[in-house]
K.L.:
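Input: one structure, supplied below.
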Number of protein chains: 2
Amino acid sequence: MVFNCKPKIVLTDKQKNLIEKIGITFEGEGLQPVAARILGLLYVSDNPQLTFDEITVALQISKSATSNGINLLLQMQRLEYITFSGDRRRYFRLKVSNWREQFRHKIEVMAGINVLMREVLAIRTKETPEYNASIKEMVDFMDYIFQQLPLLLQQWNKEKNNKN
Amino acid sequence: MVFNCKPKIVLTDKQKNLIEKIGITFEGEGLQPVAARILGLLYVSDNPQLTFDEITVALQISKSATSNGINLLLQMQRLEYITFSGDRRRYFRLKVSNWREQFRHKIEVMAGINVLMREVLAIRTKETPEYNASIKEMVDFMDYIFQQLPLLLQQWNKEKNNKN
DNA sequence: CACCAAGTTCAAAATTTTAAGAACTAATTT
DNA sequence: AAATTAGTTCTTAAAATTTTGAACTTGGTG
């Protein structure tokens with residue numbers, strides 16, 4: 001096992017700042033702080049494939065924090081890993097190519113709220129027709145959007161192909 | 001002061017369940033639990049205009065919790081209130097008619113993430129062209145979406161007018 | 001003026017979330 | 001077989017968030 005040594009990853013101040021900025025932003029989206037920083041690190045790091053230990057060291061967190069963060073992100077399908085024969089370590093990387101699915105998933109979550117709003121409309125008193133109509137307008141619009149978004153994706157795919 | 005008495009608002013089990021369901025969903029969106037339930041209550045309540053005290057009683061929370069929740073939602077522009085002369089109480093209601101702005105705001109937040117991703121691209125090493133291209137593809141698509149969404153809104157407005 | 005109603009504020013309590021550390025497991029190497 | 005590596009799990013500690021209760025305004029009422 002001659003080349004088991006990996007040059008420790010070094011982060012510039014610019015990179016560190018951006019990791020924190022990404023971290024805060026993704027925390028705002030509901031992610032756990034450590035998980036948010038792991039994403040930041042993988043976005044910013046020169047090497048987009050990092051081991052468990054490299055992540056632990058780069059972010060200066062405990063092994064258990066790394067373990068929890070990684071497993072959460074794996075389960076959320078934000079991360080995947082590859083392995084190399086003769087090396088027990090997993091190399092984690094962002095599932096960026098996955099963005100179409102992520103996008104679809106985000107739409108589904110938002111559409112879920114709309115389903116709830118339809119439940120609201122179903123049980124609301126009929127004594128408040130204007131109010132109900134306001135809610136219905138919003139729900140109808142959102143459904144229109146959710147219906148149109150996949151078409152936009154298709155359109156964009158097409159435009160992109162035309163350019164190449 | 002003859003008719004200062006208001007019939008205490010009564011909620012059916014169906015309504016209570018839906019308030020909780022909405023509560024949990026909006027918590028998932030990052031809202032505080034109490035604020036999320038206040039929204040739920042106002043969505044579901046037969047009377048869409050409730051006083052401070054009615055909210056406190058209906059949700060069985062403390063006055064300070066109500067105060068915090070209401071002020072948060074007012075500041076977030078999710079709530080507004082009206083008053084009636086000779087009645088010191090404020091009557092709170094959802095700003096549902098506001099949904100176009102809310103929608104625009106949500107887009108801006110998502111677009112903010114995209115700005116960050118462009119920062120990532122700006123400082124990433126050029127040694128990983130495929131990875132960078134993947135990120136760029138995602139960012140470009142999201143920007144396309146954010147650009148198209150206002151058009152969809154216009155289109156929907158038009159379609160709606162044609163129907164009437 | 002004394003009192004009540006409609007809130008607000010603040011300190012403390014309760015709850016939840018997050019992270020750490022230490023002990024553990026399961027491969028691999030020596 | 002002992003030691004090392006790559007992690008996991010579990011208990012606890014620390015931190016942050018949320019909620020309460022009690023005291024405090026502020027404006028109107030009798």
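Chain letters run A, B, ... following the sequence lines, proteins first, then strands; residues in each count from 1. Side chains are part of it too, since the values below use all heavy atoms of this structure and drop only hydrogens, waters and symmetry mates.
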K.L.:
Check this for me: does the side-chain of A/R89 come within 3.5 Å of the base of D/dA6 through a donor and an acceptor?
P.N.:
no
K.L.:
Write down the distance between CG (B/L50) and C1' (C/dG7), rounded to a whole number of angstrom.
P.N.:
16 Å
K.L.:
Check this for me: does the side-chain of A/S64 come within 3.5 Å of the base of C/dG21 through a donor and an acceptor?
P.N.:
yes
K.L.:
Both A/K63 and A/G30 contact DNA chain C. Taking the nearest nucleotide for each, which residue is further toward the 5' end?
P.N.:
A/G30
K.L.:
Whole-Å distance between C/dA20 P and A/R37 CZ?
P.N.:
12 Å
K.L.:
Between D/dT9, C/dT9, C/dA19, which nucleotide gets closest to the side-chain atoms of B/S67?
P.N.:
C/dT9
K.L.:
On DNA chain C, nearest-nucleotide positions of B/I70 versus A/Q60: which is more 5'?
P.N.:
B/I70
K.L.:
Remember a base hit wins even if backbone is also touched, and classify A/A65 as base, sugar-phosphate or nothing at under 4.0 Å, heavy atoms.
P.N.:
sugar-phosphate
K.L.:
With A/K95 as reference, evaluate A/E80, A/Q102, A/Q77, A/E101 under the side-chain hydrogen bond (donor to acceptor under 3.5 Å, both in side chains) test and give the passing residue.
P.N.:
A/Q77
K.L.:
Got a salt bridge between B/E54 and B/R89, using NZ or NE/NH1/NH2 to carboxylate O under 4.0 Å?
P.N.:
no
K.L.:
For C/dA19 and A/S62 - does any side-chain N or O of the residue sit under 4.0 Å from the phosphate oxygens OP1/OP2?
P.N.:
no
K.L.:
Below 4.0 angstrom from OP1 or OP2 of C/dT25, is there any side-chain N or O of A/R88?
P.N.:
no
K.L.:
Tell me whether the side-chain N/O atoms of A/R90 come closer than 4.0 Å to OP1 or OP2 in D/dA6.
P.N.:
no
K.L.:
Between P on C/dT8 and CD on B/Q75, what's the gap in Å once rounded to a whole number?
P.N.:
13 Å
K.L.:
Round to a whole Å and report the spacing from CZ of B/F92 to C1' of C/dG7.
P.N.:
9 Å
K.L.:
Whole Å only: how far is the CZ atom of A/F52 from the P atom of C/dT25?
P.N.:
18 Å
K.L.:
Could you tell me whether B/E137 and A/R100 have a side-chain N and a carboxylate O separated by less than 4.0 Å?
P.N.:
yes
K.L.:
Round to the nearest Å and state the distance from A/I24 atom CD1 to C/dT18 atom P.
P.N.:
15 Å
K.L.:
Tell me the interatomic distance from B/F84, atom CZ, to C/dA6, atom C1', rounded to whole angstroms.
P.N.:
16 Å
K.L.:
Return the orientation label for the B/Y81 and B/F92 ring planes: parallel under 30°, perpendicular over 60°, tilted otherwise.
P.N.:
perpendicular
K.L.:
Expressed in angstrom and rounded to an integer, what is the separation of B/N68 atom CG from C/dA14 atom P?
P.N.:
19 Å
K.L.:
B/N71 near the nucleic acid: base, sugar-phosphate alone, or nothing, with a heavy-atom cut-off under 4.0 Å?
P.N.:
sugar-phosphate
K.L.:
Between B/R90 and B/I82, is there a donor-acceptor pair closer than 3.5 Å when you use the side chain of the first and the backbone of the second?
P.N.:
no
